[in-house]
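Along the sequence shown, the residues carry numbers beginning at 1.
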Amino acid sequence: MERIEPRRRMSGGRRESRARDPATGHAHEKKGLIRSSWTRQNSACHSGRRSGLLSMIPTLLACLWPGSLLLLVICSSWLLLQSAADARRTLAEAGAARRPRVRAVSLGGWLVTEGWIKPSLFDGIPNSDLLDGTQLQFRSVPRNRYLAADQGGGAAIVADREQPSGWETFKLWRINETTFNFRVFGNQFVGVDSAGRVVATATTPGPSETFQLVRRDGDKNRVRIRAPNGLFLQAKTMESVTADHSEDTNWGDDDPSVFVTNSVAHLQGEYQLCNGCGIRKARQVLRTHWRTFITESDFSFIASSGLTAVRIPVGWWIASDPHPPRPFVGGSLQALDNAFRWAEKYNLDVIVDLHAAPGAQNPYEHSATRDGSQEWGTTDENIAQTVQVIDFLASRYAKSPSLLAVSLLNSPLAPGATLPSLTKYYRDGYDAVRRHTRTAYVVMPARLSADATELLLDVHYYNLFSGEFDGLTADENIDFVRKNRSSDLAAVTRRNGRPLTRSWVREWVAEWNVRGASKRDYQRFAQVQQDVYGRATFGWAYWMLKNVNHHWSMQWMIQNGYITLDNSSRSLAIVSPLDGEQMEPAGRPKQDAVQVSPGPCVSSVCAYACTCNQAAMAM
């Protein structure tokens, strides 16, 4: 298999000359790709036709003398165009073979909200501890038992559990600052039936599933729950929870309508911010954030620091800008347009990353899930909607010389995101990108929590979020990166001794669980990761540029001397062959079998990567 590579940069870090599209003003590359053997065979065929045509010209001139001059001009022009195209392709081969590895930083928390990155965005939201997706447990004060959805849902609500777990946990859907729907373990909604009994049987919420939380002054964890009929829930017995208690209460321990809440989880994503603020305030908050959090000066800083690209997470609603579905607000598309303009100005590449898909591909706030439910990919309609978002992004930015890659989906989580649904989506998403550009990479991330044999090329590397790093010293963390991560990276780059397509360390950070680490320790930790991850054949991306937590902020780390980037590596960090590969004269790895691919991709899902690399994406 021979790889089709996009022309990005010539040696020395210079961009190739590009024409300007008169309609959009975007600069764009002249067509020219590394050719597969199939392409070369066709080229040879065309060369044969050109030779044949040259030998036929005298005969044609003799037979068609009155029009011979015109015919000669047409033939000569056609031959010159074909020769120019061949020359461009030859130059493209030389440039692509020396394309620098990507050294990127992610602009996380900008166009897709994550509250931990910038908590101040949520300031001023009333009852900000009761946003969508907050998980509450309710303990009846006089019964000293927790409310529970019997059988996890589909039956009555009872008050007989001594210890809370999944069935005793209720997810909030926020209607306003005091009014909510309660979703149970089985995804049904709590409601009141015609007899006044509290049940969890509705699959979609309506008026009968709408409740008000009334908090006690001075003790917000002590609450009463007003039902749709205006009366309050009470635990009459451990088996009977009804909506028939009056307004009167002294909030005493003997009142069966009084509950103590325990908040066990919460989300602070785009959905929570927009729905918590309301459309008008959310528009004001987010537009100010988009305008000030990332600016042109940041792109100047990124380029001057020695980085070569930015990875920009976006949400699916950007394709509906300026009027996205509620509760999302418009305006992020203009910010993304600005990013491309700045990237072109400062000679940076852009990786557009679909970070939040419709229905949510994982239960985390960065997927913009409403309540932690993962519902992406469950229907063909949902997959088609996601493909439309990719098509929108590819069509809008295909002519920008800064478009390096489109990442189809960030962190899909197994088993909710099934391999068949992801495979179908990656096929259709790849086609969507290829309808508009043959040079941009298509990134196909692996599923989180999937079988180890499924993870091929796209990796997140954190010395966090796992017990294996607890208690490690600074030196032990550094040794882990130097030894374990090096072998891991080699493994995901090859399979059965054969090279795969490009590998990419899509996220890493110079943060760990080492207490009392010195600045020198952090410097060593950051440097060893750059050294090791720099061997990934596509490159790496730091997560992220800005964060209130300093070690997560690459800007802070660079400005304060914790991370140093060698500016010369923008031109010297050249994509090289994998260990043990034989090279063809053009600098490409030699392959045993000739394959054809309609464009470059960076893939990580086993079933689809095999299709991409071995079956050559013959679509």
Side-chain angles (χ1 to χ4, degrees), residues 102-122 267-274 285-286 289-295 297-299 301-302 305 307-318 328 331-332 335-336 338-340 342-343 348-357 360-369 393 404-413 443 445 448 458-462 464-465 504-511 526 529 533 539-559 563:
V102 173
R103 296 198 307 174
V105 63
S106 295
L107 305 185
W110 185 31
L111 304 186
V112 177
T113 301
E114 296 184 50
W116 73 283
I117 297 175
K118 188 180 178 183
S120 62
L121 289 172
F122 291 81
L267 296 170
Q268 285 191 324
E270 191 96 3
Y271 198 105
Q272 287 71 35
L273 179 63
C274 292
V285 169
L286 281 174
H289 172 65
W290 294 330
R291 187 178 66 253
T292 60
F293 187 64
I294 298 295
T295 66
S297 64
D298 293 313
F299 278 70
F301 169 80
I302 291 167
S305 297
L307 294 163
T308 64
V310 291
R311 173 181 174 232
I312 306 180
V314 300
W316 64 271
W317 54 91
I318 198 171
F328 304 109
S332 61
L336 186 57
N338 291 342
F340 269 90
W342 298 333
L348 292 168
D349 287 324
V350 175
I351 301 163
V352 181
D353 180 270
L354 184 59
H355 225 64
Q361 73 278 10
N362 62 53
Y364 312 126
E365 58 193 25
H366 60 246
S367 72
T369 177
L393 293 169
L404 175 64
V406 177
S407 183
L408 298 182
L409 193 62
N410 178 71
S411 299
L413 180 66
V443 182
L448 298 179
D458 175 287
V459 290
H460 294 63
Y461 280 152
Y462 293 106
L464 297 161
F465 315 127
W504 184 27
V505 180
R506 186 157 51 103
E507 290 184 14
W508 68 277
V509 67
E511 182 60 298
Q529 291 188 87
Y533 306 158
W540 53 255
Y542 193 93
W543 180 264
M544 61 204 71
L545 180 66
K546 295 182 178 181
N547 194 308
V548 295
N549 304 284
H550 288 162
H551 299 138
W552 287 84
S553 169
M554 192 173 213
Q555 181 185 66
W556 188 92
M557 295 288 274
I558 292 174
Q559 290 175 337
I563 290 178

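Taking CG of Leu393 as the start and CG of Leu336 as the end, the distance is 7.0 Å to the nearest 0.5 Å. Atoms OG and CE, from Ser106 and Met554 in turn, are 10.0 Å apart once rounded to the nearest 0.5 Å. Taking CG of Leu409 as the reference point, atom CG of Asp353 lies at 8.5 Å (rounded to 0.5 Å). Of the inter-residue distances, the one linking Leu107 atom CG with Trp543 atom CH2 reads 9.0 Å to the nearest 0.5 angstrom. Here the straight-line distance linking atom CG of Leu286 with atom OG1 of Thr113 works out to 5.0 Å at 0.5 Å rounding. Atom NZ of Lys546 sits about 5.0 Å away from atom CD of Gln555, to the nearest 0.5 Å.
For His289, the side-chain hydrogen bond (donor to acceptor under 3.5 Å, both in side chains) test picks out Lys118, with sequence neighbours left out. In this structure, the side chain to side chain contact (heavy atoms under 4.5 Å, CB included) partners of Ala526, at least two apart in sequence or on a different chain, are Ala510, Ile563. With sequence neighbours excluded, no residue forms a side-chain hydrogen bond (donor to acceptor under 3.5 Å, both in side chains) with Thr369. Residues satisfying the side-chain hydrogen bond (donor to acceptor under 3.5 Å, both in side chains) test with Glu114, not counting sequence neighbours, are Trp116. Partners of Gln272 according to the side-chain hydrogen bond (donor to acceptor under 3.5 Å, both in side chains) rule, which considers only residues two or more places apart in sequence or in another chain, do not exist here. For the ring pair (Phe, Tyr, Trp, His ring centres under 6.0 Å) test, residues two or more places apart in sequence or in another chain that qualify with Phe299 are Trp342.
The two residues Arg506 and Pro445 come nearest to each other via the heavy atoms NH2-CB, 3.2 Å. Considering all non-hydrogen atoms of both residues, Leu354 and Gly315 come closest at CD1-C, 4.1 Å. Of all heavy-atom pairs spanning Val112 and Val314, the tightest one is CG2-C, 3.3 Å. Residues Tyr364 and Leu413 come closest through the heavy atom pair OH-CD2, 4.1 Å. Ser367 and Asn362 make their closest contact through OG-O, 2.8 Å (heavy atoms, listed as atom of the first residue, atom of the second, distance). Taking both residues in full, the closest heavy atoms of Asp298 and Phe293 are given as OD2-O, 3.6 Å, listed atom of the first, atom of the second, then distance.
At distances below 3.5 Å, not a single donor-acceptor pair connects side-chain atoms of Thr308 with backbone N or O atoms of Val102. Looking only at distances, no side-chain donor or acceptor of Gln268 sits under 3.5 Å from a matching main-chain atom of Glu365. When atom types are taken as modelled, the side chain of Trp110 and the backbone of Trp290 share a donor-acceptor pair closer than 3.5 angstrom.
For Trp540 and Trp508, the ring centers sit closer than 6.0 Å to each other.
Taking 4.5 Å as the limit, some side-chain heavy atom of Val548 sits within range of a side-chain heavy atom of Pro119. Between Val352 and Ile312, the closest side-chain pair of non-hydrogen atoms is not below 4.5 Å. With contacts defined as side-chain heavy-atom distances shorter than 4.5 Å, the pair Trp552/Met557 does not qualify.
No side-chain donor-acceptor contact under 3.5 Å links Asn547 and Ser553. Arg311 and Asn410 share a donor-acceptor pair across their side chains, judged by distance under 3.5 Å alone.
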Exercise for the section: Report the C-alpha distance between Val406 and Val443 in whole Å, list the side-chain angles of each, state the deciding distance to 0.1 Å, and finish with yes or no for side-chain contact (heavy atoms from CB on, under 4.5 Å). Expected result: CA-CA 6 Å; Val406 177; Val443 182; over 6 Å; no
Exercise for the section: Could you please spell out the steps behind the ring-ring contact (aromatic ring centres under 6.0 Å, His included) verdict for Trp317 and Tyr271? Expected result: CA-CA 11 Å; Trp317 54 91; Tyr271 198 105; 9.2 Å; no
